Amino acid sequence: MPANDDADAPGAPPPSAVPPRWLRIFGHSGIAQILLVIVTLAAFVPGFWSVPPLDRDEPRFAQASRQMLETGNYSDIRFQEETRYKKPVGIYWLQVAAAKVTGYGADAPIWVYRLPSIAGAILAALLTFWAARAFTGPPQAFLAALFVALALVVGVEARLAKTDAMLFATIVASQGALARMWLSGKAKQPLRLVLTFWIALGLGILIKGPVAPMVVGLTIAALVTMNRRGRWLASLRPLLGLGILVVLVAPWFIAIGIATKGAFFQEALGRDLIGKLGQGQESHGAPPLTHLAVMFGTFWPMPAFLLAAIASAIRNRRAAIVQFCVAWVVPSWIVFELVATKLPHYTMPLLPGLAILTAFGLVTTADAAPRKWLVWIMALVLAIVPVVFAVASIAGPLMLSVSPSPPGVVLCVFAAVVAIYAVRKLIAGPVINAVPRVVLTALLLYAGVWGFVMPSLSPIWVSPRLAEAADGASGCAKAEIFSVGFNEPSFIFLTATDTRLGSAQEAATWISGAGALPDCRVVAVESRYEGDFLAKAKALGVALALSSRVEGVNINGGRKLDIAVYKRTNQ
């Protein structure tokens, strides 16, 4: 990009470089975005329909959205009777819209509630291409977007019916608009950029509260600090932007504040946000630098190439592309490291900044070989993930006493083999020419893991099997279920909103109060509480028949489960 003559615009344009031929071909502006859609679909679709609800967050979001459809109340957020005031309403509205558009309504399966997430992940990759185009040509932008599309954590979030993938897309949209306004340095900007910036920011707030303003705000603060320039901030049109935020965000926040008498803000800010800052919630606490350590897995395969690109970024630290990416990544990363609660997806909004920086470094140093010791570290980072998954595709099922999935094993092992070939290419150099093999490695790996290995791990999918057993035991079109000792949200989602949870004594009293036989009442009781349940039922004079038993492993904690399904009988 040529240097801008405006006095308040960033200088030091990035050095010119010629990308390798394969990248010039695939990264051509006419086909790059089409290829990105194809790659993202190939990476995200396997397992999208076949993997059951993943406890615990995903079914909580999906169930709350289903209850909106059932009740027609689209402002309050509840999981059964429990209020769910940790996040704003944005993602629930998107999930409700997906259920309505597809025609399923309240009977929608879990994949319908995942549609906003896969759409958000695809948009995030395309928007990374758009954000990078503010600084560089299509080949580098395409390479950066590829790293985002193939990142392990993005693939996970694309398949989960929760906030993070769509939040990701809104942040990248805001950052792409911000980059163009900052580069221009002019007080007057095209209205479309201003609207993109503020609308995306408002949607981010509706989806996950303060995360989007934090990332964008820290980026702005870092840019102003690094260059000691602030006149360009007028291009953001803050008065117009404030009006847009009020129109987008205020109505629901006012409505929920009135409806809950302030309870939403007390829960969302006082307990959820402040709680995460001060201490690790739900056993997710970890020390600083944890995110940096796990990045080598969650952002795979990009970190292997980032190691080669760091030197170029340091040499060209005055280049606008480097300054913007550093401003995007470093301040927010520090905040995430200091926050007590740490989950792998927290740093995902910073991934495009690293990806753009990596693509820039790889292209500008395409003809320079990294030091030998660094190449071997890169090779290890690149190979370890597919090799571990290949081993796990066999060892994991065997540890759960089920047979490995033959297609899953073949795909994962083939991915590991291709990864070894990618490592050989990386060592031989240039490093950037290993990327096509890495793309193939990632697509094979995700197809094997999500498409075959995960769905075949039947012992961890307790809720689907228990829901099927309960329906079979009741003999009714819709079973009435009381669960004792197994309270996973996925079971509620797969059965009904009115599925009851409680003690063994409460379950026995409940089933004894049914009307004349036959009835639709079923009790699912975990073995630890089975004796108490049977004793109470006997004391109440209730005759019970054991319909079936469901055994498995709770995916949360790894505890073995043995759940009995009982129904009343005349005997």
Side-chain angles (χ1 to χ4, degrees), residues 43-60 62 109-111 113-114 117-118 152-162 297-298 300 343-345 384-416 441-472 483 485-495 524 526-527 548-563 565:
F44 303 154
V45 165
F48 187 80
W49 288 274
S50 56
V51 172
L54 273 164
D55 284 307
R56 294 185 171 103
D57 280 349
E58 180 183 36
R60 285 172 176 162
I110 189 62
W111 67 264
Y113 295 100
R114 291 170 174 167
S117 293
I118 194 171
L152 193 151
V153 69
V154 177
V156 172
E157 295 301 328
R159 294 173 172 86
L160 297 181
K162 48 199 284 286
T298 55
W300 183 92
L343 287 170
H345 62 266
I384 192 167
V385 168
V387 169
V388 166
F389 272 105
V391 173
S393 69
I394 301 172
L398 293 178
M399 291 176 63
L400 293 170
S401 301
V402 295
S403 299
S405 164
V409 171
V410 169
L411 286 169
C412 290
V413 171
F414 192 24
T441 298
L443 295 182
L444 288 170
L445 186 65
Y446 298 152
V449 171
W450 288 102
F452 296 98
V453 175
M454 289 285 286
S456 71
L457 299 177
S458 57
I460 68 172
W461 307 122
V462 176
S463 291
R465 293 185 290 120
L466 185 58
E468 183 179 356
D471 282 338
S483 179
F486 185 71
N487 305 328
E488 294 299 338
S490 58
F491 186 58
I492 305 299
F493 176 79
L494 291 171
T495 52
E526 214 273 324
S527 58
S548 62
R549 303 193 78 89
V550 174
E551 297 181 352
V553 176
N554 195 330
I555 197 171
N556 292 290
R559 187 171 61 84
K560 290 186 177 181
L561 298 171
D562 178 10
I563 304 173
V565 179

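Note: hydrogens, waters and symmetry copies are ignored here, and every other heavy atom, side chains too, is used. This structure is a prediction, so every number in the text was calculated from the model and none was measured.
Legend: residues meeting salt bridge (Lys or Arg N to Asp or Glu O under 4.0 Å) with R114, ordered by chain and number and at least two apart, are E58.
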Worked verdict on W300 versus T441 for side-chain contact (heavy atoms from CB on, under 4.5 Å): CA-CA 11 Å; W300 183 92; T441 298; 4.0 Å; yes
side-chain contact (heavy atoms from CB on, under 4.5 Å) between D55 and F491: does it pass, once the steps are laid out? CA-CA 9 Å; D55 284 307; F491 186 58; over 6 Å; no
Before giving the answer on side-chain contact (heavy atoms from CB on, under 4.5 Å), spell out for N556 and R56 the whole-Å C-alpha distance, their side-chain angles and the decisive distance to 0.1 Å. CA-CA 8 Å; N556 292 290; R56 294 185 171 103; 3.6 Å; yes
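The shortest non-hydrogen separation linking A62 to I110 is CB-CD1, 3.7 Å. The shortest non-hydrogen separation linking G552 to R465 is CA-NH2, 3.8 Å. The minimum heavy-atom distance between P464 and L494, with the atom names listed, is N-CD1, 3.6 Å. Minimum interatomic distance between S527 and R549 (heavy atoms only, all atoms of both residues): CB-NH2, 4.3 Å.
Residue F44 holds its CZ atom at 11.0 Å from CD of E157, rounded to the nearest 0.5 Å. To the nearest 0.5 Å, atom CD1 of residue I118 and atom CG of residue L160 are 11.5 Å apart. Atoms CG and OG1, on L343 and T298 in that order, are 11.5 Å from each other to the nearest 0.5 Å.
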Side-chain donor-acceptor pairs of residues 442-458 under 3.5 Å, sequence neighbours excluded:
residue : atom : partner : partner atom : Å
Y446    : OH   : L150    : O            : 2.6
Y446    : OH   : L152    : N            : 3.4
S456    : OG   : F452    : O            : 3.2
S456    : OG   : V453    : O            : 2.7

Show every donor-acceptor pair shorter than 3.5 Å between a side-chain atom in residues 386-410 and any protein atom, with sequence neighbours excluded, or say none if there are none.
residue : atom : partner : partner atom : Å
S393    : OG   : A390    : O            : 2.6
S405    : OG   : G408    : N            : 3.3

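Around atom CD1 of I384, no more than 12 heavy atoms belonging to other residues, nucleotides or ligands sit under 6.0 Å away. A 6.0 Å sphere centred on CZ of F48 holds more than 12 heavy atoms belonging to other residues, nucleotides or ligands.
Between K560 and E551, none of the side-chain N atoms (NZ, or NE/NH1/NH2) sits under 4.0 Å from a carboxylate O, so this pair counts as no salt bridge.
Looking only at side-chain heavy atoms (C-beta outward), W461 and L54 come within less than 4.5 Å of each other.
If you run side chain to side chain donor-acceptor pair (under 3.5 Å) between N554 and each of R559, E526, E488, only E488 comes through.
Of the possible donor and acceptor atoms, none in the side chain of S490 sits under 3.5 Å from a partner among the backbone N and O of P59.
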